[in-house]
Protein chains: 2
Amino acid sequence: MSVQFQAPDDVTIDPRIEQLVTDVIGRVADKWTMLLLEVLEQGGTLRFTELGRAVDGISQKMLTQTLRQMERDGLVSRTVHPVVPPKVEYRLTDLGLSLSAAFCGVWNWAATHLDRIEAARAAFDARG
Amino acid sequence: MSVQFQAPDDVTIDPRIEQLVTDVIGRVADKWTMLLLEVLEQGGTLRFTELGRAVDGISQKMLTQTLRQMERDGLVSRTVHPVVPPKVEYRLTDLGLSLSAAFCGVWNWAATHLDRIEAARAAFDARG
DNA sequence: CGGAATCCTGACAGATACTG
DNA sequence: CAGTATCTGTCAGGATTCCG
């Protein structure tokens, strides 16, 4: 464990915090999670198939998988109604809502600077 | 043009924006990019190997690759000094700085709610 | 309806070796 | 020092099928 790479004090981030935070972000900042966050924030309480239709392009596998992870992390609550046909509803917890709010900044940033990125990319590619 | 996305079912997000934004976020929100963003924000101008030492666990391949992408997207500037031995310096552009700021919210969220997530996860796992 | 189980593939990360 | 090149294994994720 303690390989401790001779850290020259200056710019290094505390490895523990770094580990934990990037770990959390890594699980939370993927495409489907963000889209589900967005959809659930706007839609309130939604069923499985409704989510599937709302998030364009998601496979049922990834929908299940992502929802499970989000449930596990306490971002969404899952309510099973014992009826036939089955009815399962998902909604954001307060934790999920707060994350959604935090992501708002990144979302806006992306929407705002989209063209600048495209431009930078085009320029870079043009330079070879 | 007023395309005004004829929402067939309630909660759908405009596919174009969704596409573009998630695309941008997808490239920008990966582990190494975030860590480099953080390190560069704090460290100012840094050399290749300094970055390698600052970001614990990154391979030189991923460092190169991630820096290239960030440069392509206009997030970092790369300056080659024609000396021997070679000296290449990286620093955030204003675009990169703004992204770093935007991510700050998510970063803080993760740091703040880390324990709640761990707790939720433990509870979930305990329930089977 | 809301999943779980299975199979399959291509993208990508790690290790290694070489270079201007 | 700051990369490039290659090879290889892993694994995320799509398609498909089946079930309570």
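Numbers restart at 1 for each chain; the letters A, B, ... are given by sequence-line order, proteins then strands.
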For this session: Let me know, please, whether A:S59 or B:V88 comes out on the 5' side of the other along DNA chain D by nearest nucleotide.
Result: B:V88

Seminar exercise, completed: Nt span of DNA chain C in reach of chain B heavy atoms at under 4.0 Å, 5' end first, is C:dA13 to C:dG20

Exercise. So how far is it from B:L95 CG to B:D73 CG, rounded to the nearest 0.5 Å?
Worked result: 8.5 Å

Exercise. Closest nucleotide of DNA chain C for A:T49 versus for B:W32: which of these residues is on the 5' side?
Worked result: A:T49

Exercise. A:G57 or B:R68: which one's nearest nucleotide on DNA chain D is closer to the 5' end?
Worked result: B:R68

Problem set entry | Charged N-O contact under 4.0 Å between A:D125 and A:R121 | no

For this session: Describe the nucleic acid contact of A:Q65 in one word from base, sugar-phosphate, nothing, applying a heavy-atom distance below 4.0 Å.
Result: nothing

Exercise. Under a 4.5 Å side-chain heavy-atom rule over Ile, Leu, Val, Met, Phe, Trp and Tyr, are B:L114 and A:M70 clustered together?
Worked result: yes

Exercise. Are any side-chain N or O atoms of A:T93 and backbone N or O atoms of A:L75, one a donor and one an acceptor, separated by less than 3.5 Å?
Worked result: yes

Exercise. Is the side chain of A:T33 donor-acceptor paired with the backbone N or O of A:A29 at a distance under 3.5 Å, no angle test?
Worked result: no

For this session: Please figure out whether A:R47 or B:K61 has its closest DNA chain C nucleotide nearer the 5' end.
Result: A:R47

For this session: Heavy atoms of chain B, cut-off under 4.0 Å: which first and last nucleotide of DNA chain D, 5' to 3', fall inside that, if you could look?
Result: D:dC1 to D:dT4

Problem set entry | Between B:Q65 and B:Q69: side-chain donor-acceptor atoms closer than 3.5 Å | no

Exercise. Roughly how far apart are A:D30 CG and A:I25 CD1, rounded to 0.5 Å?
Worked result: 13.0 Å

Exercise. When we call it a touch if two heavy atoms are under 4.0 Å apart, what does A:P86 touch: a base, just sugar-phosphate, or nothing?
Worked result: base

Exercise. Quick one: does A:T49's side chain have a donor or acceptor within less than 3.5 Å of a partner on A:G52's backbone?
Worked result: no

